[in-house]
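Below, read A as the first sequence line, B as the second, and so on, with proteins coming before strands; counting in each chain starts at 1. From a predicted model like this one, the values you see are computed outputs, not experimental measurements.
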Amino acid sequence: MTGSAAFTPQEGGHGRELQWLGTAPCASRLLRRERRAPLALVSHAALCSADDLSDDDPTRTPNPMSVRVRFAPSPTGYLHIGGARTALFNWLYARHTGGTFILRVEDTDAARNSQEAVNVILDGLRWLGMDWDEGPLTADATGPSKGDRGPYFQSQRKENYARRVEALLSRGLAYEKDGAVRFRMTREPVLIRDLVVGDVTRALTDREEADPDFVIMRSDGSPVFHFVNVVDDLEMGITHVIRGEDHLSNTSKHVALFQAFGVEPPKYAHIPLILNADGSKMSKRDDGAALAYYTENGYAPEAVLNYLCLLGWSPKDGREVIPLKQLIADFDLPQILRHNARFDHEKLKWMNGEYLRAMPADRFYELSVHTLARAGVDTNRFPTAYVKAALDTCMGKLRILTELPAYGGFYFTDPVALDAEAKAALTPEARERLKKLRDAYAGLAEFSAANLEAALKETAKSLGVKNGVLVHPARFACTGRPSGPSLYHLMEVLGQDRVLARMDAALAV
RNA sequence: GACCCUAUCGUCCAGCGGUUAGGACACCGCCCUUUCACGGCGGUAACCGGGGUUCGAAUCCCCGUAGGGUCGCCA
């Protein structure tokens, strides 16, 4: 049996785990002191391509005894958020143990297989900052890949499956019926030793009782999922199978198959599922079910990644905003919960805001310009210094980037559209006062926030009104809306010409 | 129908035989403040039900109930 030779021992990773456990508490103490700085590291790390986290890292020296985990998605055209978390747990475990993270594409279903669909997966993983040590380099099934256990597309592994079916057939462990090949499944309950769920004894269901055997190769010669999954895991030397709990019941089949091939099955870790906010199953149509929802709706990948790993897992000390490096150091299988989690969009938004606030300015500019462009706001028409100054007044004020066009879009739109509230606020009396302020501003030699503030307060004083009486009409005139960045700073960025012009426009309405 | 998993504030997590059941998001007050946020302070809010075991149960066991998953020539 070539199977036993191909299979690698599974204990290798544990020495490393102990080391990590030993160093983690110390590191976390350091990090709690300085929350800001480590956060910056996260965004940086998530931004960088795979190489930053992998190839330079001395702990990543290939080790035949180490952990080998895989993410094996089917290219369905979208990357489910639950799938992304499964990938994340595998990736974190690999990085935590110094093991190998493998990406394998289960493209056996030709009907819904396309390069676009594969790209959705590759891009999704890259967006989150997850790099794979072995797997495809492009979406082309026949294209280049890295790793010596390929091909990494199931569509390219047909001979392996045929050979394995033959092996089972020749030993009487499988048989042909109606042109299909069926595996002789044990009738005894199967013990599944799960690292998350514990020991599970899976008995046969009533239907299985009637006929426990199952098809491993269809009459058209194509192998079925349970079979290819096991064969690939075996031949790729997978040591730990970390996957959704929806596969737990089927694991008895996989264990039986491994035994038929004469090898110990890998260690299993079935992780809980992600449900909708109302507890229902998250299906393709639900908002936020696809990773693309987050890439397109103003989320920072580092925040999504952080939030995702807190669904079903948490560090012992209750920290929630956790730098990626710390996540890798702390992550481990035994701490994974056994019950499903509901996805809380509000909390993700909060966390996204935390990351947006703490990230380096350049990173914020990059994300912002991209978001504005998507909203039809072209920042390229403005000097870079102006764009940066404008965005500086917005940084720290948003939870998700998609709030930006409404929040700071006025910097790049002329004339500004006054909303209903703004128009209502510009009463004849308010206009009169605004006119006074406009004239005061027209006479300013240096249009700085400090001068603007002083001039406004002076004007208010001479009018005998509170500052707010002038502040609000001024804000409406300049931005068209009741809320936004700091008024004086926003006006400084806008500059004298724009501010006066906008005040004139508001007075003319 | 059978099999498997699960069950602490509305939500995400702490808890692992003895706690005033803790934190975070959200929510509600107050403070800060030119708006909106941030931040600070305070508050509302939970052990699914019933039996055991034990001096003592959110923690262990059993039964119910509820939710989720699985029983394909889908993946």
S.K.: May I have the distance from A:L273 (atom CG) to B:rG67 (atom P), rounded to whole angstrom?
M.R.: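 Going from A:L273 (CG) to B:rG67 (P), I get 16 Å.
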S.K.: Looking at B:rG1, which nucleotide sits across from it as a Watson-Crick or G-U wobble partner, both distances under 3.5 angstrom, or is there none?
M.R.: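 Paired with B:rG1, as far as the under-3.5 Å criterion goes, is B:rC71.
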S.K.: Tell me the interatomic distance from A:D246, atom CG, to B:rC4, atom P, rounded to whole angstroms.
M.R.: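 Distance, rounded to whole Å: 18 Å.
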S.K.: Using whole Å, what does the distance between atom C1' of nucleotide B:rU34 and atom CG of A:N467 come to?
M.R.: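 Distance, rounded to whole Å: 7 Å.
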S.K.: Write down the distance between CG (A:L494) and P (B:rU35), rounded to a whole number of angstrom.
M.R.: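 Nearest whole value for this atom pair: 19 Å.
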S.K.: Please work out if A:R338 contacts a base, only the sugar-phosphate, or nothing of the nucleic acid, heavy-atom cut-off 4.0 Å.
M.R.: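 Sugar-phosphate, backbone atoms only, no base.
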S.K.: Using a strict 4.0 Å threshold on nitrogen-to-oxygen distance, state whether A:E106 and A:R70 make a salt bridge.
M.R.: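 Salt bridge flag = no for A:R70 with A:E106.
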S.K.: What about A:S219, does its side chain sit under 3.5 Å from the base of B:rC73 through a donor-acceptor pair?
M.R.: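 Under the 3.5 Å cut-off, the side chain and the base do form a donor-acceptor pair.
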S.K.: Inspect the contact between A:R319 and A:D317 and indicate whether a charged nitrogen and a carboxylate oxygen are less than 4.0 angstrom apart.
M.R.: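 So A:D317 pairs with A:R319 through a salt bridge.
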S.K.: Round to the nearest Å and state the distance from A:H254 atom NE2 to B:rA75 atom C1'.
M.R.: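 Roughly 10 Å, once rounded to whole Å.
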S.K.: How far, in whole Å, is B:rC32 from B:rC5 if one measures between their C1' atoms?
M.R.: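 Taking atom C1' in both B:rC5 and B:rC32, they lie 49 Å apart.
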S.K.: Classify A:P485 by what it touches in the nucleic acid, base, sugar-phosphate, or nothing, heavy-atom distance under 4.0 Å.
M.R.: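 Touches a base.
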S.K.: Which whole-number value in Å describes the distance from A:M282 CE to B:rC12 C1'?
M.R.: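 Spelled out: CE on A:M282 to C1' on B:rC12 is 13 Å.
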S.K.: Select base, sugar-phosphate, or nothing to describe what A:L487 touches, counting heavy atoms under 4.0 Å on all strands.
M.R.: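 Answer is base: heavy atoms of A:L487 come under 4.0 Å of a base.
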S.K.: Which residues in residues 184-206 of chain A have a heavy atom closer than 4.0 Å to any atom of RNA chain B?
M.R.: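 A:V197, A:V200, A:T201, A:R202, A:A203, A:L204, A:T205, A:D206 - these, ordered by number, are the residues of the stretch whose heavy atoms sit under 4.0 Å from the strand.
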S.K.: When all nucleic acid strands are considered with a 4.0 Å heavy-atom cut-off, which category describes A:N229: base, sugar-phosphate, or nothing?
M.R.: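 No contact.
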S.K.: Using a strict 4.0 Å threshold on nitrogen-to-oxygen distance, state whether A:E235 and A:R157 make a salt bridge.
M.R.: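 Yes, A:E235 and A:R157 are salt-bridged.
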S.K.: Are A:R342 and B:rA26 close enough that a side-chain N or O sits under 4.0 Å from OP1 or OP2?
M.R.: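 The answer is no; no side-chain N or O of A:R342 sits under 4.0 Å from OP1 or OP2.
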S.K.: Any base atoms under 4.0 Å from A:R399, or only sugar-phosphate, or nothing? Heavy atoms, all strands.
M.R.: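 Sugar-phosphate, backbone atoms only, no base.
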S.K.: With a non-hydrogen cut-off below 4.0 angstrom, is A:H226 in contact with a base, only sugar-phosphate, or nothing?
M.R.: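 Counting heavy atoms under 4.0 Å across all strands, the contact made by A:H226 includes a base.
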S.K.: Taking the six-membered ring for Trp and the single ring otherwise, decide whether the centroids of A:F227 and A:H254 are under 6.0 Å apart.
M.R.: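 Between A:F227 and A:H254, the centre distance exceeds or equals 6.0 Å.
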S.K.: Using atom P of each nucleotide, how far apart are B:rC16 and B:rC3 to the nearest Å?
M.R.: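 Those two atoms are separated by 34 Å.
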S.K.: Please work out if A:G318 contacts a base, only the sugar-phosphate, or nothing of the nucleic acid, heavy-atom cut-off 4.0 Å.
M.R.: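 No contact.
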S.K.: Aromatic rings A:F447 and A:Y441: how do their planes relate, parallel, tilted or perpendicular, breaks at 30° and 60°?
M.R.: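 Perpendicular.
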S.K.: Does the ring centre of A:F331 sit less than 6.0 Å away from the ring centre of A:W313?
M.R.: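 Aromatic pair counts; centres sit under 6.0 Å.
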S.K.: Between B:rA57 and B:rG39, how many Å separate the two C1' atoms, rounded to a whole number?
M.R.: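 Result for the C1' pair: 41 Å, nearest Å.
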S.K.: Whether A:S314 contacts B:rA14 is assessed here as follows: a side-chain N or O lying under 4.0 Å from the phosphate OP1 or OP2. Is that the case?
M.R.: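 Checking B:rA14 against A:S314, a side-chain N or O does come within under 4.0 Å of OP1 or OP2.
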S.K.: Which part of the nucleic acid does A:K349 contact within heavy-atom distance under 4.0 Å: base, sugar-phosphate only, or nothing?
M.R.: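 Contact class for A:K349: none.
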S.K.: What is the base-pairing partner of B:rA24, counting Watson-Crick and G-U wobble geometry with both distances under 3.5 Å?
M.R.: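 The base-pairing partner of B:rA24, which may sit in any strand shown, is B:rU11.
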S.K.: Would you call the rings of A:F343 and A:Y307 parallel, tilted or perpendicular, where under 30° means parallel and over 60° means perpendicular?
M.R.: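 Perpendicular.
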S.K.: Any idea which of B:rG1, B:rU34, B:rC13 is nearest the A:A341 side chain?
M.R.: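 Of all the options, the side chain of A:A341 is nearest to B:rC13.
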S.K.: Of the nucleotides B:rU35, B:rA75, B:rC12, which one has an atom closest to the side chain of A:N250?
M.R.: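 Closest nucleotide to the A:N250 side chain: B:rA75.
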S.K.: May I ask you to decide if the ring planes of A:H345 and A:Y294 are parallel, tilted or perpendicular, using 30° and 60° as cut-offs?
M.R.: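 Parallel.
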S.K.: Among B:rC73, B:rA75, B:rU34, find the nucleotide with the atom closest to the side chain of A:F225.
M.R.: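 That would be B:rA75.
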S.K.: Looking for any heavy atom pair under 4.0 Å, which part of the strands does A:G244 touch: base, sugar-phosphate only, or nothing?
M.R.: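 The answer is nothing, as A:G244 stays clear of every strand by at least 4.0 Å.
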S.K.: Please report, rounded to the nearest Å, how far the P atom of B:rC12 is from the CG atom of A:N306.
M.R.: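 Taking CG of A:N306 and P of B:rC12, I get 17 Å after rounding.
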S.K.: Should the pair A:R338-A:E245 be classified as a salt bridge under the 4.0 Å nitrogen-to-oxygen rule?
M.R.: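 The answer is no: the pair does not qualify as a salt bridge.
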S.K.: What's the closest nucleotide to the A:S74 side chain, out of B:rC73, B:rC71, B:rA75?
M.R.: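 Shortest atom-to-atom distance from the side chain points to B:rA75.
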S.K.: I want to confirm an ordering. Mapping A:G396 and A:R207 to their closest nucleotides on RNA chain B, which one lands closer to the 5' end?
M.R.: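 Checking each residue's closest nucleotide, the 5'-ward one belongs to A:R207.
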S.K.: Can you work out whether A:G312 or A:S280 has the more 5'-proximal nearest nucleotide on RNA chain B?
M.R.: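 Counting from the 5' end, the first nearest nucleotide belongs to A:G312.
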S.K.: So, is B:rC38 syn or anti if syn means the angle is within 90° of 0?
M.R.: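 Syn for B:rC38; the angle stays within 90° of 0.
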S.K.: Show your working on salt bridge (Lys or Arg N to Asp or Glu O under 4.0 Å) between A:E354 and A:R357 and close with a plain yes or no.
M.R.: CA-CA 5 Å; A:E354 291 289 303; A:R357 196 165 295 118; 3.2 Å; yes
S.K.: Does a nitrogen or oxygen in the side chain of A:N340 sit under 4.0 Å from OP1 or OP2 of B:rG67?
M.R.: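 No, outside the criterion.
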S.K.: So what's B:rG56 paired with, Watson-Crick or G-U wobble, going by both distances under 3.5 Å?
M.R.: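 Pair assignment: B:rG56 / none.
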S.K.: Take atom CZ of A:R319 and atom P of B:rA24, then tell me their distance rounded to the nearest Å.
M.R.: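 Between P of B:rA24 and CZ of A:R319: 15 Å.
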S.K.: When the C1' atoms of B:rC25 and B:rC9 are considered, how many whole Å apart are they?
M.R.: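 One C1' to the other, the span is 12 Å.
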S.K.: Does B:rA26 have OP1 or OP2 under 4.0 Å away from a side-chain N or O of A:K347?
M.R.: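 The answer is no; no side-chain N or O of A:K347 sits under 4.0 Å from OP1 or OP2.
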S.K.: Which part of the nucleic acid does A:Y488 contact within heavy-atom distance under 4.0 Å: base, sugar-phosphate only, or nothing?
M.R.: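 The answer is base, as A:Y488 lies within the cut-off (heavy atoms under 4.0 Å) of a base atom.
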S.K.: Should the pair A:R187-A:E208 be classified as a salt bridge under the 4.0 Å nitrogen-to-oxygen rule?
M.R.: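 Salt bridge absent between A:R187 and A:E208.
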S.K.: How far, in whole Å, is B:rU44 from B:rC61 if one measures between their P atoms?
M.R.: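 Rounded to whole Å, the distance is 34 Å.
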S.K.: Using the C1' atoms only, state how far B:rA21 lies from B:rA58, rounded to an integer number of Å.
M.R.: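 Approximately 8 Å lies between the C1' atom of B:rA58 and that of B:rA21.
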S.K.: Choosing from B:rC13, B:rA75, B:rC73, which nucleotide comes nearest the side chain of A:L337?
M.R.: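 Output: B:rC13.
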S.K.: Pick base, sugar-phosphate or nothing for A:I216, based on heavy-atom distances below 4.0 Å to the nucleic acid.
M.R.: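 No contact.
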S.K.: Please confirm whether the shortest side-chain N or O distance from A:H339 to OP1 or OP2 of B:rC13 is below 4.0 Å.
M.R.: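 It does, given that an N or O in the side chain of A:H339 lies less than 4.0 Å from OP1 or OP2 of B:rC13.
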S.K.: Pick the C1' atom in B:rG49 and in B:rU65, then give their distance to the nearest Å.
M.R.: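 One C1' to the other, the span is 7 Å.
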S.K.: Mind checking who B:rU33 pairs with, Watson-Crick or G-U wobble, both distances under 3.5 Å?
M.R.: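 When the pairing criteria are applied, nothing turns out to pair with B:rU33, so the answer is none.
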S.K.: Identify whether NZ of Lys or CZ of Arg in A:K253 sits under 6.0 Å from the centre of the six-membered ring of A:F214 and within 45° of that ring's axis.
M.R.: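 Verdict for A:F214: a cation-pi partner in A:K253.
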S.K.: Rounding to an integer number of angstrom, what distance separates B:rU70 and B:rC62 when you compare their P atoms?
M.R.: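 Those two atoms are separated by 25 Å.
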S.K.: Under 4.0 angstrom, heavy atoms only, what part of the nucleic acid is A:D344 near: base, sugar-phosphate, or nothing?
M.R.: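 The answer is base, as A:D344 lies within the cut-off (heavy atoms under 4.0 Å) of a base atom.
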S.K.: Would you indicate which nucleotide in B:rA75, B:rU35, B:rA24 comes nearest to any side-chain atom of A:W350?
M.R.: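 Comparing B:rA75, B:rU35, B:rA24 against the side chain of A:W350, the answer is B:rA24.
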S.K.: Check every strand shown and say whether A:Y407 touches a base, only sugar-phosphate, or nothing at a heavy-atom separation below 4.0 Å.
M.R.: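 A:Y407: base contact, heavy atoms under 4.0 Å.
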